[in-house]
Amino acid sequence: MSTPTTIVWLRQDLRLADQPALRRAASRGRVIPVYIYAPEEEGDWPPGGASRWWLHHSLESLDEQLRQLGSRLIRRRGTTQDILNELLEETGATAVYWNRRYEPAAIERDKTVKAALLAMGVQAESFNGSLLYEPWTIRTKQDAPYQVFTPFWKACLATETVHESLPAPRELVSPPKWPKSLPLDELELLPSNSWDAQFYETWQAGAPAAERRLRQFVNETVRRYHEDRDRADFDGSSRLSPHLHFGELSPRQIWAAVEKSSGKVPAGKSKLGQGAEVFLKEVGWREFAYHLLYHFPSTTKEPLREQFRRFPWRRSATELWSWQRGQTGFPIVDAAMRQLWATGYMPNRTRMIVASFLTKDLRLSWQQGARWFWDTLVDADLANNTLGWQWTAGCGADAAPYFRVFNPTMQAEKADPHGDYIRRWVPELATLPTKWLREPWTAPAEELAAAGVKLGETYPQPMVDHHEARDAALAAYERVKNS
DNA sequence: CGTCGGTTCGC
DNA sequence: CGAACCGAC
């Protein structure tokens, strides 16, 4: 009998190590790794511009890694079902394996595909490649999904789970003849303007780069993570999020690397350091985000907390544009929004600052913020993005209470104590002394003149008075609070 | 994963 | 008189 052939349908698992679907396919016989670009099948959330940029480079890297094992990546574009059918026919493959996804549109599509494959007599099997705890495995005592993080995470950690990573296969057996593959450029993932110029200086996609970043993080940054992650002026966070989103790394690999490096810390009570503890809790928030998205799929559109469906959001296309382009007149907000546009990223602390500004100071809807992040973040992830926005807007599960309003000035003092971050991203304020940098409208005329700043000309006047805006937001909240 | 305004504490 | 602490929103 000839060696059986398996198609590995790759999606958000663009790696070779700790890759359950690939692993199982490799042990079965010949392997055909396939990526099908099918944005029409993603419902309301086809990949945004920054995500597509990342995807392009991640696919390029994956092909190189596969070629080192004597294999290659087959790229196609179109309807998943049609393409799988074509490939099954062309190659004589008798099985299709993949790692599961948890977004509502992907779940529906995957179900349909699986049923069709099984009906054709093809072996179709899915695996867990991207979560520590799949959403349906964790339930409250009342057999309901969790809506509060801390008990959720306790319940996760109380389960007897071994987070063991699988090694990458050492070789992959090729089919006698490779099916044709679309050249990468024909997926048309890169922007046609030069929007992405600075992405190249900031990021390197692909599992090998992800593993280097992880190693550097656990060796250096993680120790001070609990403090430094709130800093905008240097890299105190892990920056692993885009690698995790595309599955260039699995959470199991991250978990293992953090535990291993923390094991080197002086014995003591075999406890992890505080930085590692806080970091792994962030991995826990990602698990929680997937739990919520799975059990409450409507939250990508609607707030989880009912009363917020009547919240009187304002509407203003011009104000939204000012926020998007970093022209609010609040330097910390503008710095962060410009960093996002230029690099496809901002650290979590400034995400909270700009989100609070949009939803409280401007009272524009969190959905509009979520949509902008979706298009501009290289790590755009439906579960994390939805949770993050509902969290700051105060309308989600275990959210910050709505009355928690970030003060942009205080936040800037903490996140950017010397003003380096603002000076880098808002260069028109660069020579203004730190004392005035966070609130240029309070600077004496001669200070502004000396720094070459003309408010309303070289840099905008503040869009709102923060204290008035805060009061207005709290008043709006009062109206929906008890309804 | 707040802010604000109040009070108390310590020099 | 400022830092530290506390409760309300």
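The basis for the numbers below is simple: all heavy atoms, side chains too, and nothing from hydrogens, waters or symmetry mates. All chains are named by letter (A, B, ...) in the order of the sequence lines, taking the proteins before the strands, and each is independently numbered beginning at 1.
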#### Entry: Check: A/S61/A/Q65 side-chain N/O donor and acceptor closer than 3.5 Å
yes
### Query
Under the 6.0 Å and 45° cation-pi test, does A/R371 pair with A/W45?
yes
### Query
Can you tell me how far C1' of B/dC1 sits from CH2 of A/W285, to the nearest Å?
8 Å
### Query
A/N348 side chain N/O closer than 4.0 Å to the phosphate oxygens (OP1, OP2) of B/dC1?
no
## Note on the structure
Which of B/dT3, C/dC9, B/dC1 is nearest the side chain of A/E478? It is C/dC9
### Any A/H467 side-chain nitrogen or oxygen under 4.0 Å from OP1 or OP2 of B/dC4
yes
### Summary
Of the listed B/dC1, B/dC4, C/dC9, the closest approach to the A/F403 side chain comes from C/dC9
### Message
Distance check needed: B/dT3 P versus A/K360 NZ, whole Å only.
### Response
11 Å
### Query
Between A/Q253 and A/R15, is any pair of side-chain heavy atoms under 4.5 Å apart?
yes
### Task
Send over the distance from A/Y225 OH to B/dC1 C1', rounded to a whole Å.
10 Å
#### Entry: Atom-to-atom span, NE2 of A/H466 to C1' of B/dC4 - whole angstrom
10 Å
### Message
In whole Å, I'd like the distance from the CD atom of A/E468 to the P atom of B/dC4.
### Response
14 Å
### Query
Is the phosphate of B/dT3, meaning OP1 or OP2, less than 4.0 Å from a side-chain N or O of A/Q411?
yes
### Query
How close or far is atom P of B/dT3 from atom CD of A/E413, stated in whole angstroms?
10 Å
### Message
Taking the six-membered ring of A/Y290 as reference, does the cationic atom of A/R101 (NZ for Lys, CZ for Arg) lie under 6.0 Å from its centre and within 45° of its axis?
### Response
no
### Task
Applying side-chain hydrogen bond (donor to acceptor under 3.5 Å, both in side chains) between A/T434 and each of A/E413, A/R423, A/H418, report the one that passes.
A/R423
### Query
Could you state the CG-P distance from A/N384 to B/dC1, rounded to the nearest angstrom?
18 Å
#### Entry: Check: A/E282 side chain, B/dC1 base, donor-acceptor under 3.5 Å
yes
### Task
In whole angstrom, give the distance that lies between atom CZ of A/F149 and atom P of B/dC1.
12 Å
### Task
Report which part of the nucleic acid A/K414 touches: base, sugar-phosphate, or nothing (heavy-atom distance under 4.0 Å, all strands).
sugar-phosphate
